[in-house]
Each structure stands twice: as C-alpha cells, then as structure tokens.
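Here is the structure we will look at, set down as structure tokens.
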Amino acid sequence: MKATTPQLLTIFGASGDLTFRKLIPAVYDLFVQGLLPDCFGVLGVGRTEFTDESFRERVAPGVREFANKRSDDPSFVERFLPMLYYQSMDPQDADQYDLLKARLTLLSEACGTMENVIFYLSTPPSLYGVIPFHLAAYDLHKQDQGFRRIIIEKPFGYDLASARELNRRLLSVFDEDQLYRIDHYLGKETVQNLLVTRFSNGIFEPLWNRNYIDHVEITAVEDIGVGDRGGYYDGSGALRDMVQNHLLQLVGMVAMEPPTVVDSTAIRNEILKVFQSLRPIKPQEVPDYVIRGQYVSSHIRGKYARGYREEKGVPQESRTETYLAMKFFIDNWRWGGVPFFIRTGKYLPTRVTEIVIHFKETPHRLFASAYGKTHHNNQLVLRIQPNEGILLKFGMKVPGSGFQVDVVNMDFHYEDLSNAYLPSAYERLLLDAMLGDSTLYSRGDAVEAAWKFVDPILKAWESNPEIPVYGYPAGTWGPEHADSLIGEGKSWRYPCRNLADDGSYCEL
C-alpha cells in the first residue's frame, strides 16, 4: 500500500454525532494499524465552545465504544488523543476564517504536516455551498505548498437543479480532483469485492449479460423506523435518502463495463456510462414502475410499533415514502431487455443490504415435469450487510431413486477468514482520501446523471396526487403491490439476517 503523507484532517461539525461515532473512531483504527503518517493531526471545527483538552475528553468515550478496538492496550488511546485539536468558530461567518487559517498554519508547523489539509464537511447540507467559498476567500483551497482536498457528505442536492447548482458552486472554487463526495456504502468490503468477483473470475464475467441473466435485484432495508429523525426524513424520503445515491451507486458497480485499468478515472467513467444508459421513466409510467409505501402502526413480537405519521416531527397528512420499489432498464448492449429491481424501506423485518443476480432458467426443464416442481433458476447473492459474504444457489439431485432436484447453497462468509480484518466503511474511505484515491467517491457528473434519472419521478409525485402511497404494517416486507413489479412466476428474495438461512424458518 502507498504510504500516507504528512497531513491535517480538519472536520467541520466536529461536535456532532457523526464525528463522535464514526469519524474519530475510524481515524483511531487507522492509528492502531500504523496507517497514519508520522506527522498527522485532526482539527475539529464548530460553534460549540471546546478547548483542545475538553474536545479530547468529549470524543474519548466514542473512541473506546465505537472503534474496532484492534488493540486492548489502553496506551493506544492515550497516545492518540494528543493528535486531536479544536478551533471554536462559526462556519457561516466569513470573518472568522482568519482564525482557522492562523490555526492551520500553527498546526502545520507544530505537527510537520507540510501544508497538506483535508477538509471534512460533517455539517448540514446548507453549508456545502458556503464553507468552500469562505475557504477560498482565505486561499485555503490553493495547492501551492501542499494538497487541499474536501470531503462532502450526502445529500448532494435535493433535486437535479440544486445538485447542478451545488456542483457549479463547488467547481467555481475547487477542482474536481479536490472534491471527494462520500458515500459510505461504497466503503464496505463486499461492495468492493463485487468488482473482484466480476473481473477476476472467468466463470462469472462471461455470464454477466443479457444472454444469461434474467433480472437483477438489489435490496437495502432496515428494521427500524425513522425515530427522532422524522423532521429531517419527511423532507427527504426513501427516493432521495437511499435510491439516488446508495442504490444507484450499487447499480453502477453491478452493471458497469470492465475498466481498462483499476484506477479512479477509469472506474468512475464506466459507472457514469451506466447512469447515462438508464432508460428514463416517463411521468405517466411512474405508477407502473415505482411503488411507494409508508409504514403504519402494528404489533411486533407483542410490542406496539408506531406508524410513520405518529413519529416526532412528521405531519399528520404526510405522503413521504418510507418504502420504495422500482423496476427499470439499462439500454445498452450488455443489459438490453434485462429488468433491474431495487427496493428500500424503513421498519421491515430485518436489516439487510444485498445484490441478487438471477440467472435464466435452463432452456428445457428436464427434471420439472415428472415431479410437478418448478426448476428454480440459479442465483448469485452478494451480501453487503450483515453476515457479509457470497452465496451461490444451484440445483442438486436429492439422494434416492429418480431425479428429484433441490436447491442447495454454496456460501462464503468473510467472518470465516479468521486472520482477516474488515475495516469500517469510514475507515477505508478516510484512508483513500488521505492517499488521494477517489475511486470509491462519487464524481460530480455521475451525481447529476443519477439525479437526472430520479428527478422525473419526484416531479410526477408532486404534480399528480392521485399516485398512491400504500400503507404497510411496520415489521412486514412492504406493500403487497410491490410484487406486481416482479411479474408472474417471479418474486422478491426474502432474506434472513444470516446469509444462507433463506428458504427455511428464521427469526427476523
């Protein structure tokens, strides 16, 4: 692995939950593994009043609770905390950026970080177009003495127009190669392994096309409701919160052509081509191709589960979708005619994210007619979370007379690699940004292309109140109307928490 160079990580919004639970623990895990440079520091920035010492006291419990804890030696935490600093300021006040510039200069000299700085915007989206301009006003975007990079959390806009405006503003002060739009889904090991599964195995890539694949199914669901985030979520919904970014990025990696080389530009070029090939869903087609739902109250294991409209901050007449299922096509040579199905939702039976490749059935059902059974098609399941691994389903003869066929599983689990370490998504993505590798970060043109596909659906919902929002009881697999998308003779896969337990009883 390429060594990291001396640098400072500057986190705006450092007093927030993301910094406490994810970012600082991820940096600590890199420290324990020896992956940070010898000259390194973290500068937290926020309106909350902290000194360096009180900030360290604030984040220390998060390190101990949420880091992957690669070492039981308590001295690691004590050696790590002195790397953390804090600057109190209002990120919206342009006049206060002289304080930030002065502090960065002092830390660069004290820590020996050679003017290399990464800015992480762990802030409300309203500041994404503000902070970069204020940084540029004080020349903190210039790379005369060292590199300057900026990491931006989703959402990357609220619709196509706002995404274009955000990109325009960012690119007016930063170059594209300085911008790192983070999507933590792409930092998961199984997502990256999808590329290896496809492009390093001669048994898969020849079959990865319309000639052998019947349809592709991608699921990313949770077993909890919106909780205290109702006020935020009601202005977003499942389409904006999950589909436009996470799920379409997974689609891009499943459907992309082989890159010429394994580097950021080549891989992201191929993902962009997939987005540009998405067949637009016309406004009049939305009810037939997109099913949205909203969870209603129910009882789960004897306990009352609140409906979405009962959640704090959610209006009584809200039509915001907490569930979405969609059918669409990719109009190119590889995927012409192959339907893609995606679904996401809150308060479903289990928390799971997986990709299912459904291969076509054999051209002649040789063993089906005699026993009156349907011969199941082969499936390749790539489980992203939890119980990460890969599952291949195929037919085998049941012992005994005759040729009765049953479906069996051949599975691999990452946890079976006893000596393997699975880094957290933020750990992996932060390290990539430190190394200057943007492969797993979204590029501006791809973000706009994804919004271009999603935007007509949002506009159809806004202009046509007759498009229904189906209710589904909390703890179920969503509205039954989603089954109509798949078509006759097919069904969604209903996964268990454990990858290979499907098809039999499992506690959800």
Side-chain angles (χ1 to χ4, degrees), residues 1-2 4 7 9 11 13 17-33 35-36 42 62 66-70 118-122 149-156 179-198 218-220 222 241-254 256 259 262-265 267-268 270-271 344 351-355 382-390 414-415 417 420-444 446-447 450:
M1 177 183 293
K2 186 172 66 174
T4 49
Q7 57 191 275
L9 173 63
I11 303 175
D17 193 57
L18 179 64
T19 301
F20 181 79
R21 296 170 62 92
K22 299 292 186 181
L23 301 183
I24 297 298
V27 175
Y28 171 76
D29 285 327
L30 295 174
F31 168 72
V32 172
Q33 297 169 75
L35 296 176
L36 294 180
V42 176
F66 299 111
N68 284 335
K69 301 177 181 177
R70 290 271 288 178
I118 295 177
F119 299 103
Y120 196 116
L121 304 193
S122 178
R149 300 168 187 151
I150 184 165
I151 302 176
I152 304 170
E153 280 279 347
K154 76 174 187 72
F156 313 121
L179 297 172
Y180 289 68
R181 301 168 186 83
I182 191 169
D183 185 339
H184 70 272
Y185 262 60
L186 298 188
K188 298 180 184 296
E189 192 69 27
T190 320
V191 174
Q192 300 157 45
N193 195 49
L194 171 60
L195 298 181
V196 177
T197 301
R198 280 193 59 187
I218 302 179
T219 295
E222 296 182 285
D241 188 52
M242 288 293 294
V243 174
Q244 183 276 330
N245 39 68
H246 300 325
L247 287 177
L248 285 185
Q249 286 291 336
L250 295 181
V251 169
M253 298 188 80
V254 170
M256 63 185 280
V262 181
D263 71 7
S264 173
T265 300
I267 290 176
R268 298 199 296 179
E270 297 303 334
I271 291 176
T344 183
R351 171 179 172 267
V352 63
T353 301
E354 67 178 23
I355 300 163
L382 300 127
R383 174 65 67 86
I384 295 169
Q385 64 179 12
N387 197 216
E388 294 89 341
I390 299 175
Y414 274 97
E415 63 186 18
L417 297 175
Y421 170 65
L422 285 180
S424 69
Y426 279 100
E427 182 183 341
R428 170 64 190 270
L429 291 170
L430 280 173
L431 179 60
D432 282 354
M434 293 175 187
L435 293 169
D437 183 354
S438 58
T439 302
L440 298 176
Y441 287 84
S442 301
R443 203 168 63 191
V447 170

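On a predicted model such as this, the values are computed, not experimentally measured, just so you know.
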- [ ] Taking side-chain hydrogen bond (donor to acceptor under 3.5 Å, both in side chains) as the test, write out the residues that go with R351, two or more places apart.
- [x] Q385
Task: For N245, all residues meeting side-chain hydrogen bond (donor to acceptor under 3.5 Å, both in side chains), sequence neighbours excluded - done: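 In terms of side-chain hydrogen bond (donor to acceptor under 3.5 Å, both in side chains), with neighbours along the sequence ignored, N245 is linked to no residue.
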Once rounded to the nearest 0.5 Å, what's the spacing between atom [atom1] of [X] and atom [atom2] of [Y]?
| X | Y | atom1 | atom2 | result |
| --- | --- | --- | --- | --- |
| Y120 | L430 | OH | CG | 6.0 Å |
| Q7 | L36 | CD | CG | 8.5 Å |
| I150 | I182 | CD1 | CD1 | 12.5 Å |
| L18 | L121 | CG | CG | 11.5 Å |
| M256 | L194 | CE | CG | 9.0 Å |

Distance-only, no hydrogens or angles: does the [X] side chain make a donor-acceptor pair with backbone N or O of [Y] under 3.5 Å?
| X | Y | result |
| --- | --- | --- |
| T344 | A220 | yes |
| S438 | Y441 | no |
| R383 | P386 | yes |
| T4 | L35 | yes |

Heavy-atom side-chain contact between [X] and [Y] under 4.5 Å:
| X | Y | result |
| --- | --- | --- |
| H184 | Y426 | yes |
| I271 | R443 | no |
| M434 | L30 | yes |
| V262 | L195 | no |
| L382 | V254 | no |
| P423 | D29 | no |
| E427 | N68 | yes |
| I151 | L429 | no |

Task: Set of side-chain contact (heavy atoms from CB on, under 4.5 Å) partners for R149, sequence neighbours left out - done: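 Testing R149 for side-chain contact (heavy atoms from CB on, under 4.5 Å), a comparison that skips the adjacent residues, returns I118, F147, Y180.
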Open item on the list: For a side chain to side chain donor-acceptor pair (under 3.5 Å) check, start with the C-alpha distance between D437 and T439, then their side-chain angles and the critical distance, and finish with the verdict.
Closed with: CA-CA 6 Å; D437 183 354; T439 302; 2.6 Å; yes
TODO: Give a yes or no on whether K188 atom NZ has more than 12 heavy-atom contacts from other residues, nucleotides or ligands under 6.0 Å away.
DONE: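 More than 12 within 6.0 Å, yes.
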Of the non-hydrogen atoms in [X] and [Y], which two are nearest, and what is the gap between them?
| X | Y | answer |
| --- | --- | --- |
| G62 | P25 | O-CG, 3.6 Å |
| H246 | D241 | CD2-O, 4.0 Å |
| V447 | F156 | CG1-CB, 3.8 Å |

- [ ] Before giving the answer on side-chain contact (heavy atoms from CB on, under 4.5 Å), spell out for L250 and T353 the whole-Å C-alpha distance, their side-chain angles and the decisive distance to 0.1 Å.
- [x] CA-CA 10 Å; L250 295 181; T353 301; 4.3 Å; yes
Open item on the list: Given S442, which partner from the list R268, K154, Q249 fulfils the side chain to side chain contact (heavy atoms under 4.5 Å, CB included) test?
Closed with: Q249
Open item on the list: Set out, in order, the CA-CA distance, both residues' side-chain angles and the distance that settles side-chain contact (heavy atoms from CB on, under 4.5 Å) for V42 and I11, then state yes or no.
Closed with: CA-CA 7 Å; V42 176; I11 303 175; 4.0 Å; yes
